[in-house]
Amino acid sequence: MKRIVSELYSQLQDQSIGTVTDRVLFLDCCAACETRTRNAIQLEQGAVALLGDVTPENARLAANLHANLGSLYQGIGEVKLAKQHMEIGMNLLKQHGMSTYYDMIPKLNNYAVLRADMGEVQDSLQLLQTVANAIRQCSSNQSGDYAQVQETMGNVALLLGDGKRAARHFKKAMSIYEVLFAAEPERIAAKKEEIFRTYVQAGAYLAQQILKK
């Protein structure tokens, strides 16, 4: 990615080369390579400003930029700004008739995680269930997307202290992963270890909440 960004930078120094969209995508690539979140946010904000007014032609790009900003803000704990940009991204897709399965699923999943981080755990689970139903109807309940949502629901259920519900979601996710990664046993083992660590971390989190009361 760094090599691509370097080459793009060299090319786009010539104002006769490329378009506004090219330069917006360049800033987005720079943000993806940036290890300092604040700097990445500035780059994404620059991309949004450069893009200007949203039109049917650039609505999907604008939505992705705002989704990226939302994730970056979430990463530094600025949840209000994260929610604002995630909602802008999803609303842009809806307004321009682009709220298709592949556009909305990852955005809704990230938004649901954010709502859980904000303490709106029940709302998060309801939203994730809606996403899971949409995937099952539009694609398959044996897909990687469905497994990812089930895993996320397990993580959120742990925040409620509902171990039984979490286990059900994790089992559904693992049954799919075991099929999808059948030729890669190391990936299956890594996913099991990841879920185990999630249980441990959730236990520590819940213990801290009890001690605060």
Side-chain angles (χ1 to χ4, degrees), residues 44 48 54 56 58-181 191-192 194-195 197-199 201-202 205-206 209:
E44 292 287 7
V48 170
V54 179
N58 65 21
R60 181 172 282 109
L61 175 56
N64 287 336
L65 294 175
H66 282 288
N68 293 343
L69 270 170
S71 295
L72 288 167
Y73 277 121
Q74 184 180 7
I76 58 174
E78 295 191 15
V79 292
K80 289 184 178 180
L81 285 170
K83 184 178 180 182
Q84 174 186 327
H85 283 286
M86 287 184 184
E87 289 178 347
I88 289 173
M90 290 187 293
N91 287 334
L92 283 173
L93 291 177
K94 291 178 183 178
Q95 290 167 13
H96 292 274
M98 298 178 181
S99 53
T100 59
Y101 168 78
Y102 288 107
D103 284 318
M104 289 297 287
I105 292 302
K107 292 177 175 59
L108 285 169
N109 192 65
N110 292 340
Y111 182 63
V113 172
L114 174 66
R115 296 286 294 273
D117 289 344
M118 295 177 71
E120 302 169 5
V121 182
Q122 290 290 0
D123 289 340
S124 174
L125 281 171
Q126 290 177 6
L127 181 56
L128 285 166
Q129 187 60 61
T130 299
V131 175
N133 292 341
I135 295 173
R136 187 168 59 245
Q137 292 172 6
C138 299
S139 178
S140 167
N141 63 354
Q142 295 299 310
S143 66
D145 287 333
Y146 192 79
Q148 180 59 61
V149 173
Q150 288 296 326
E151 184 178 350
T152 303
M153 291 177 78
N155 292 335
V156 175
L158 283 179
L159 294 178
L160 285 175
D162 192 341
K164 289 184 178 180
R165 178 169 183 172
R168 289 198 300 272
H169 290 302
F170 285 137
K171 285 179 180 178
K172 286 181 182 179
M174 280 307 310
S175 67
I176 298 169
Y177 289 139
E178 286 171 350
V179 173
L180 295 178
F181 306 148
K191 181 59 69 175
K192 288 180 178 178
E194 182 182 334
I195 290 174
R197 288 198 304 269
T198 298
Y199 270 104
Q201 291 167 358
Y205 169 80
L206 291 170
Q209 299 309 304

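- A distance of 7.5 Å separates CG in Leu159 from CG in Asp117, rounded to the nearest 0.5 Å.
- Counted by atom type alone, Glu151 and Asn155 present zero donor-acceptor pairs between their side chains at under 3.5 Å.
- Here the NE2-CZ distance, from His169 to Arg165, works out to 4.0 Å after rounding to the nearest 0.5 Å.
- Note that CG of Asn68 and CE of Met86 are 10.0 Å apart. Values are rounded to the nearest 0.5 Å.
- For the pair Gln74/Val113, a side-chain contact is recorded, criterion being any heavy-atom separation below 4.5 Å from C-beta on.
- Atom-to-atom distance recorded for Ile88:CD1 and Leu65:CG is 11.5 Å, nearest 0.5 angstrom.
- Taking every heavy atom of both residues into account, Val156 and Ala116 meet most closely at CG2-CB, 4.0 Å.
- Between Gln95 and Val54 there is no side-chain heavy-atom pair separated by less than 4.5 Å.
- Between Lys191 and Glu194, at least one side-chain N (NZ, or NE/NH1/NH2) sits under 4.0 Å from a carboxylate O, which counts as a salt bridge.
- Looking at heavy atoms from C-beta onward, Asn64 lies in side-chain contact with Lys107 at the 4.5 angstrom threshold.
- Nearest approach of Ser124 to Ala112, heavy atoms of both residues: OG-O, 2.6 Å.
- Ion pairing between a basic and an acidic side chain is recognised when a charged N comes within 4.0 Å of a carboxylate O; Lys192 and Glu178 show such pairing.
- Considering every non-hydrogen atom in both Ser143 and Ile176, the closest pair reads O-CG2, 3.6 Å.
- Considering CD1 of Ile135 and CG of Asp145, their distance stands at 5.0 Å, rounded to 0.5 Å.
- Tyr199 and Gly163 make their closest contact through OH-O, 4.0 Å (heavy atoms, listed as atom of the first residue, atom of the second, distance).
- You'll find the side chain of Leu108 stays beyond 4.5 Å of the side chain of Thr130, heavy atoms only.
- Interatomic distance, NE2 of His85 versus CG of Leu114, reported as 12.0 Å (0.5 Å rounding).
- Checking Gln142 against Tyr146 by side-chain atom types alone, no donor-acceptor pair falls below 3.5 Å.
- For the 3.5 Å distance criterion, the side chains of Gln148 and Asn109 fail to qualify, holding no donor opposite an acceptor.
- The shortest non-hydrogen separation linking Ala166 to Gly154 is CB-O, 3.4 Å.
- When all heavy atoms of Leu93 and Arg60 are compared, the closest pair comes out as CD2-CA, 4.2 Å.
- For the pair Lys83 and Tyr73, the minimum side-chain heavy-atom distance is 4.5 Å or more.
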